[in-house]
Amino acid sequence: QVPVVESGGGLVQSGGSLRLSCASASEFTLDLYDVGWFRQAPGKEREGVSCISRSDGSTDYSDSVKGRFIISRDNTKKTVYLQMNSLKPEDPAVYYCAAVYCVSYQAYGLTNHDGWGQGTQVTVSS
């Protein structure tokens, strides 16, 4: 497990935008890994929302965010971003990132372990 830190969350109105950032909290740099974004709403399971490959930069999105969210990476800054546009009332959650394998990141999001960080809170007002 690679320690990470998430930032960029906040409170926005429905239809607004936020950009989340994910950075390594250790000597292991994120450019070496696939990186996924996950979210967990109150009373619900953690779900994978997006993933970006380290090899060719290919991306994947869950159906609930496809067309609204964009994942990207800046390998110079060793940072992965999640641009969230057209936020909806169902998007509020704690958002997490993690070094993963994109081929299985949806399943990884369902796992419970002590490797998840604090995440960053996203709140959407109507």
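- Criterion: ILVMFWY side-chain heavy atoms under 4.5 Å apart, direct or through other members. Under it, Ile71 and Val94 are not part of a common hydrophobic cluster.
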Using residues 109-117 as the side-chain source, report each donor-acceptor pair under 3.5 Å to any protein atom, sequence neighbours left out, with the distance given to one decimal.
{"unit_1": "Thr111", "atom_1": "OG1", "unit_2": "Tyr108", "atom_2": "O", "d": "2.6"}
{"unit_1": "His113", "atom_1": "ND1", "unit_2": "Gln1", "atom_2": "NE2", "d": "3.1"}
{"unit_1": "His113", "atom_1": "ND1", "unit_2": "Gly115", "atom_2": "N", "d": "2.8"}
{"unit_1": "His113", "atom_1": "NE2", "unit_2": "Tyr108", "atom_2": "OH", "d": "3.3"}
{"unit_1": "His113", "atom_1": "NE2", "unit_2": "Trp116", "atom_2": "NE1", "d": "3.2"}
{"unit_1": "Trp116", "atom_1": "NE1", "unit_2": "Thr111", "atom_2": "O", "d": "3.1"}

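- With a 4.5 Å cut-off on side-chain heavy atoms, Cys22 and Val35 count as touching.
- Thr120 contributes no side-chain N or O that, together with a main-chain N or O of Ser7, makes up a donor-acceptor pair within less than 3.5 Å.
- Only one option out of Ile52, Val80, Val100, Val65 pairs with Trp37 in a side chain to side chain contact (heavy atoms under 4.5 Å, CB included); it is Val80.
- From Asp31, atom CG reaches atom NZ of Lys78 across 3.5 Å, with rounding to the nearest 0.5 Å.
- Applying the 6.0 Å contact sphere to CZ of Phe28 captures no more than 12 heavy atoms from other residues, nucleotides or ligands.
- When all heavy atoms are compared, the tightest approach of Ser126 to Ser14 is CA-CB, 4.4 Å.
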Please assess Gln106 against Ser62 for the test side chain to side chain contact (heavy atoms under 4.5 Å, CB included), listing each intermediate value before the final yes or no. CA-CA 9 Å; Gln106 291 282 4; Ser62 67; 4.0 Å; yes
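- In this structure, the side chains of Ser50 and Leu82 come closer than 4.5 Å at one or more pairs of heavy atoms.
- At a threshold of 4.5 Å between non-hydrogen side-chain atoms, the residues Val2 and Ser24 count as touching.
- Side-chain contact check for Tyr81 and Arg19: no donor-acceptor pair (N or O, by modelled atom type) lies under 3.5 Å.
- Taking every heavy atom of both residues into account, Ser17 and Gln83 meet most closely at CB-NE2, 3.9 Å.
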One pair to check against side chain to side chain contact (heavy atoms under 4.5 Å, CB included): Tyr61 and Arg68. What are the steps and the verdict? CA-CA 10 Å; Tyr61 299 92; Arg68 298 187 297 121; over 6 Å; no
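- At least one side-chain heavy atom of Arg39 sits under 4.5 Å from a side-chain heavy atom of Glu47.
- When hydrophobic clusters are built by joining Ile, Leu, Val, Met, Phe, Trp and Tyr residues whose side-chain heavy atoms come closer than 4.5 Å, directly or via intermediates, Leu20 is grouped together with Ile70.
- In this structure, the side chains of Asp91 and Val122 stay at 4.5 Å or more apart for every pair of heavy atoms.
- If you take CD on Glu6 and CZ on Phe38, they are separated by 10.5 Å, rounding to the nearest 0.5 Å.
- For the pair Tyr101 and Tyr33, the minimum side-chain heavy-atom distance is 4.5 Å or more.
- Open room surrounds CD on Gln118; 12 or fewer heavy atoms of other groups in view lie less than 6.0 Å from it.
- Contact record, Ala93 with Ala41: CB-N, 3.7 Å, taken as the closest heavy-atom pair.
- Contact of the Leu87 side chain with the Phe69 side chain is registered, since non-hydrogen atoms from C-beta on lie closer than 4.5 Å.
- Annotation: Lys66, atom NZ; neighbour count of heavy atoms from other residues, nucleotides and ligands within 6.0 Å is above 12.
- For Arg73 (side chain) and Asp34 (main-chain N/O), no donor-acceptor pair under 3.5 Å exists by modelled atom type.
- Using a 3.5 Å distance cut-off with no hydrogens or angles, the side chains of Asp74 and Thr79 do not pair a donor with an acceptor.
- Taking 4.5 Å as the limit, some side-chain heavy atom of Tyr96 sits within range of a side-chain heavy atom of Arg46.
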